[in-house]
*Asks:* 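The structure follows.
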Amino acid sequence: MNRIKISEITGPLMLVEGVSGVSYDELVEIKLKSGDTRLGKVLEISADKALVQVFEGTEGLDIKTVSLAFKGRSLELSVSPDMTGRIFSGLGHPLDGAPELIPTKRLDVNGLPINPYARDYPNDFIQTGISTIDGLNTLSRGQKLPIFSASGLPHSRLAAQIAHQAKVRGKEESFAVVFGAMGITYEEAEFFISGFRRTGAIENSVLYINLASDPAIERIATPRLALTAAEYLAFEEGMHVLVILTDMTNYCESLREVSAARREVPGRRGYPGYLYTDLATLYERAGRIKDQPGSITLIPILTMPDDDKTHPIPDLTGYITEGQIILSRELERKGIYPPIDPLPSLSRLRDKAIGEGRTRDDHASIANQLFASYSRGREVRELVVILGEAALSETDRKYLEFAGAFESDFIGQSENEARTIEETLDLSWRLLRILPREELKRIKSELIEKYENKS
Amino acid sequence: MIKKVAGPLVVAEVEGARKGDLIRLGKKRLIGEVVELRGDLASVQVYEETSGLKVGDEAVNTGSPLSVELAPGMVGAIFDGIQRPLKDIMKASGFFIARGIDVPAVARDKKWSFVPSVKEGDHVGPGDIIGSVQETPLILHKIMVPSGISGKVESINPGAFTIEETIAVVGGKKLSMLQKWPVRKRRAIKEKNPSAVPLVTGQRIIDSFFPIAKGGAACVPGPFGAGKTVIQHQMAKWSDADLIVFVGCGERGNEMTDVLKEFPELKDPKSGRPLLEKTILIANTSNMPIAAREASVYTGAAIAEYFRDMGYNVAMMADSTSRWAEALREMSGRLEEMPGEEGYPAYLGSRLADFYERSGCGKCEGKPEREGSLTIIGSVSPPGGDLSEPVVQNTLRVTKVFWALDEALAHKRHFPSINWLRSYSLYLANLSPYLRKEVAEDIDEVREESLKLLAQEAELEEIVRLVGVESISPKEQLVLFASKMIREDFLYQSAFDPVDQYSSLKKQYHMLKAIKEFFVRASIAIEDGVDLELIKSSSIVEKIAKARFLDDASVAELPGLAASLIGALRSGGRHE
């Protein structure tokens, strides 16, 4: 193999010449003189040249002394039923001091697309205990629902709360959490790990951690490892898996770094034109399969640069996922936790997961009414800024009062408070009582009769 | 032999390659298509994930272009972007789509009962119908003579045949029910006519305000969460097309599952039969190979045109054409072409125009004389909801209907969230004679009055925002009240309520007419000094608000009721 020669090292990439029989997407093991090994993958092959992306970065590599071994397979993840309770690095090495996993299987981290014909529609209501999610933007088993956050907002606390509280009611089934961290700080990682330990959830969790100080290119692999582990647990071990990926923004930046190093024609804001496809191959791995017991529910977290929802990362994510939970700085400033702004938030699968037999017959109407009324209340609040409260009509004043009460009592709740869906809906009726009855246009009169005075 | 692999693009030396030829690559015999030739080297876009391909792997030319198979057995099926049946793929490879799977598009072993409609000795030519097969209770699959074949019918037999068996001999050539057609080639229509009949969708804002004609083309752009897919699904569910071709192009897997799960249960409003009996699905979800995404809309169009040629009204939904354009952009980038606007290739506009021009209605090729239509409704997902981007702009140049989805409406959960001030339909003039005859003589006036009210509302709201509602005149307050009725009681439509989700043209007209009557009479009443609050408290207001849930006959009474109730107020006010 001595005719193999590295001819260029630029950024995270390495151009290798004199290769033969190398395949696209193949795994490469890079041995340094010091004895360290790094991993890479083939991005492009042309005649006897191969372009290799090095996950741990090219720092310290030289052209002469490193040796390369092409492994004849893609990057794979070792899986086994014993993987729960373990903590791994962003490339799958143990970080918890315990020995390497004894694999029952090795799986290609890229996975394969689920056949749309084989999918089962996600319509099992997951109760997260958080009113703005359960009541208004309901999460279903098998759904992918991202949290759009921004710097300084409590997305980690929210994600941890969801991970601890989420359950499908009336069923005792095996449940697991797979956590993939890309480029987050030590404190954030520690927050999750200690939270998992405190609640005992760690026993059912697998963690893949790439910290801010770890190699950036490794982040491209981390979510794939996490999702491969999730697929194994869900579709081979029959578990219901909740996957939390944080922070997708860091992942996309690593992708941009590789793309720039390859001198590809950039799309918006320098991100590669294939960002949509790349994100889709991750997010679409969530789902349920017909007649199979397990499922993958995915909550990716991303921070919107400059709170901008039209930035390519949240924008493309929103086009792929089945809705989004958006955190609001304004609510955060008012001291409301969780600061979820219900109006731009959305769960596309809500209507199939709620209603009689699933949650309660008034759920859909209540949710629509709360959206409409809160939206009106916010408009009135804007009017007040210009005209002053005195200029408002009686009805508008009620809307103003409603909006305030809705924010503090419905959106706001404590970090340990898990409300049942009945509690959330009863609370909604109490709040709607602030408004004149003829304003409740989205609720059929039979339902008003049935519930108005009960709660 | 393969020389280079870069993602979905492979450069290879291929014997006798022509542009558009289908190539098989490597041991797994992955499918690709020649998109560029340079000397001895062919650039091949590969319709499957290319990992594992090596330099030196073989590249075999099949010698034929990417084609669809056209035969009984397509209706109710779900295909991938290059017409491989996903149900059979599941049988072959399980829940996940493995690569290099070879399954025929249409089942070869199934026997269909063929009924001839010509007899021996008749002279037939291309496009002539020689017989039919009842493919589903809703679709009578007509068997047409393929192009290039004509002559005397030497033999033709009724009976049960597979799609490959000979059903007739014409001019010395054996005909079976199976035909192939290159997907990128448009199927000819004998005579294109302007469209004069609406595609009735049951969606009030569409049918009453911004209708689309059978054979027309529409564009639905909007940011994520604005409800593009819901609109596409509603159109597929409720429109009065004979056949629906739904192309899920780079969108969510669960949305296709939703369609697959719902359509067998949903009833076609016209026949009461399951909707799947008139639907063909093409799914290239966002995680499926990108090159097949580029092909998927053409696969859909070729199938849709084939059914149009039988004399059907076909509607094709493409959700979303932005993903198709992005696939085009990605391949263009890999081919190292000079990028145009926002990295899209310079030929984006002409490709889009070419695609939407496959819509149309008119006389089909062949005997007996028949008319068919193909309506195309394409959704666009502009980055950040910015409508100035190239895909939206190029689409608007060729489509005549624009349903502008509005994020602010979606946030208020006003659905369908089509903005009534920005949307338009250029078919109104064409459709007017039909609507006047079939619905009501004054339908155009009622529509115009309503749109005028909504436009006035927008202006007044600006003023109210500055000076407060108390400082505008009662008449202007009435405008606000009436337009609120249009918005909340007419335009707002639930996709989930069993009655509200579909409104007939007549019901739509009567709802709108009732609001118009209310407004006209109330205006007179206000001039006569009747208090606006008194008008607002009239029982007709609540009746109109509930009209969405009523049957056609009850709604038909509302305009008269509005006129008499508010008219009575006027005299009552004067006597007091």
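Within every chain, numbering begins at 1; the chains are lettered A, B, ... in the order of the sequence lines, protein sequences first and strands thereafter.
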*Asks:* Would you mind checking which part of B:L86 comes under 4.5 Å of any heavy atom in chain A, side chain (CB onward), backbone (N, CA, C, O), both or neither?
*Replies:* both

*Asks:* Taking side chain as C-beta onward, heavy atoms only, is A:Y121 less than 4.5 Å from B:M256?
*Replies:* no

*Asks:* B:I78 versus chain A, heavy atoms under 4.5 Å apart: side chain, backbone, both or neither?
*Replies:* side chain

*Asks:* Is it the case that more than 12 heavy atoms not belonging to A:K71 sit under 6.0 Å from its NZ atom?
*Replies:* no

*Asks:* Checking A:P312 against chain B: side chain, backbone, both or neither under 4.5 Å from a heavy atom?
*Replies:* neither

*Asks:* Under the criterion salt bridge (charged side-chain N to carboxylate O under 4.0 Å, His left out), I'd like the reasoning laid out for B:E255 against A:R119: C-alpha separation, chi angles, the key distance, then a yes or no.
*Replies:* CA-CA 10 Å; B:E255 280 168 5; A:R119 279 185 189 268; over 6 Å; no

*Asks:* With chain B as the partner, which of A:Y283, A:F235, A:Y117, A:Y319 has the greatest number of non-hydrogen pairs under 4.5 Å?
*Replies:* A:Y319

*Asks:* Strictly distance-based, threshold 3.5 Å: is any side-chain N or O of A:Y276 a donor or acceptor partner for the main-chain N or O of B:G250?
*Replies:* yes

*Asks:* Do A:K352 and B:D258 have side chains that approach each other closer than 4.5 Å (heavy atoms only, starting at C-beta)?
*Replies:* yes

*Asks:* To check you understand the geometry: which heavy-atom pair defines the closest contact between B:V55 and A:I45, and what is its length?
*Replies:* N-CD1, 3.6 Å

*Asks:* Test your reading of the model: is there a side-chain donor-acceptor pair from A:N115 to the backbone of B:K87, 3.5 Å cut-off?
*Replies:* no

*Asks:* Checking A:L383 against chain B: side chain, backbone, both or neither under 4.5 Å from a heavy atom?
*Replies:* side chain

*Asks:* Between A:Q369 and chain B, which part of the residue has a heavy atom less than 4.5 Å away: side chain, backbone, both or neither?
*Replies:* neither

*Asks:* Looking at A:D351, A:L51, A:L392, which one has more heavy-atom pairs under 4.5 Å with chain B than the rest?
*Replies:* A:D351

*Asks:* Look at A:L43, A:V265, A:D120 and state which one has the largest set of heavy-atom pairs under 4.5 Å with chain B.
*Replies:* A:D120

*Asks:* Is A:E382 close to chain B through its backbone or its side chain, or both, or neither, when contacts mean heavy atoms under 4.5 Å?
*Replies:* neither

*Asks:* Under a 4.5 Å heavy-atom cut-off, does chain B meet the side chain of A:T321, its backbone, both or neither?
*Replies:* backbone

*Asks:* Would you name the heavy atoms of B:P383 and A:D315 that are closest together and state the gap between them?
*Replies:* CA-OD2, 3.0 Å

*Asks:* Would you call B:F96 and A:E231 a side-chain contact if the rule is heavy atoms closer than 4.5 Å?
*Replies:* yes

*Asks:* Determine whether B:N287 and A:R285 satisfy the following criterion, side chain to side chain contact (heavy atoms under 4.5 Å, CB included), listing intermediate values before the conclusion.
*Replies:* CA-CA 8 Å; B:N287 55 340; A:R285 289 171 81 169; 5.6 Å; no

*Asks:* Side chain, backbone, both or neither: which part of A:R268 has a heavy atom under 4.5 Å from chain B?
*Replies:* side chain

*Asks:* Between A:A47, A:A364, A:G273, who has the most heavy-atom pairs with chain B when the cutoff is under 4.5 Å?
*Replies:* A:A47

*Asks:* Tell me whether the guanidinium CZ or amine NZ of A:K309 lies under 6.0 angstrom from the six-membered ring centre of B:F224 and within 45° of its axis.
*Replies:* yes

*Asks:* Should the pair A:E44-B:K4 be classified as a salt bridge under the 4.0 Å nitrogen-to-oxygen rule?
*Replies:* yes

*Asks:* Given a strict heavy-atom distance threshold of 4.5 Å, which part of A:S345 is in contact with chain B: side chain, backbone, both, or neither?
*Replies:* backbone

*Asks:* Donor-acceptor pair, distance only, cut-off 3.5 Å: does the side chain of A:D25 make one with the backbone of B:G52?
*Replies:* no

*Asks:* Is the backbone of A:L343 close enough, under 3.5 Å, to the side chain of B:R413 for a donor and an acceptor to pair up by distance?
*Replies:* yes

*Asks:* Would you call A:K441-B:E542 a salt bridge at under 4.0 Å N-O?
*Replies:* no

*Asks:* Measure distances from A:P314 to the heavy atoms of chain B and classify the residue's part below 4.5 Å as side chain, backbone, both or neither.
*Replies:* backbone

*Asks:* Using heavy-atom distances under 4.5 Å, tell me whether A:S23 contacts chain B through its side chain, its backbone, both, or neither.
*Replies:* both

*Asks:* B:R252 side chain to A:I320 main-chain N or O, any donor-acceptor pair under 3.5 Å?
*Replies:* yes

*Asks:* Is it true that the NZ or CZ of A:K444 lies under 6.0 Å from the centre of B:F549's six-membered ring and within 45 degrees of the ring axis?
*Replies:* yes

*Asks:* In terms of heavy-atom proximity below 4.5 Å to chain B, should A:Q324 be classed as side chain, backbone, both, or neither?
*Replies:* side chain

*Asks:* Could you pull out the closest heavy-atom pair between B:G225 and A:R348, with the gap in Å?
*Replies:* N-NH2, 2.9 Å

*Asks:* In terms of heavy-atom pairs under 4.5 Å, which option from A:N368, A:I289, A:D308 contacts chain B the most?
*Replies:* A:I289

*Asks:* Between A:K49 and chain B, which part of the residue has a heavy atom less than 4.5 Å away: side chain, backbone, both or neither?
*Replies:* neither

*Asks:* Answer yes or no for A:R442 and B:Y492: cation-pi contact, defined as NZ/CZ to six-membered ring centre under 6.0 Å and angle to ring axis within 45°.
*Replies:* yes

*Asks:* Chain A heavy atoms under 4.5 Å from B:M90: which part of the residue, side chain, backbone, both or neither?
*Replies:* both

*Asks:* Locate the shortest heavy-atom distance separating A:L387 from B:L466; write the atom from each residue and the value.
*Replies:* CD2-O, 3.1 Å

*Asks:* Taking every non-hydrogen pair under 4.5 Å, which of A:T310, A:L112, A:N123 racks up the most with chain B?
*Replies:* A:L112

*Asks:* With B:D500, which residues qualify under side-chain hydrogen bond (donor to acceptor under 3.5 Å, both in side chains), at least two apart?
*Replies:* B:R204, B:R548

*Asks:* Filter on ring pair (Phe, Tyr, Trp, His ring centres under 6.0 Å), then keep only pairs touching residues 368-387 of chain A, sequence neighbours left out; what's left?
*Replies:* A:Y374-A:F406

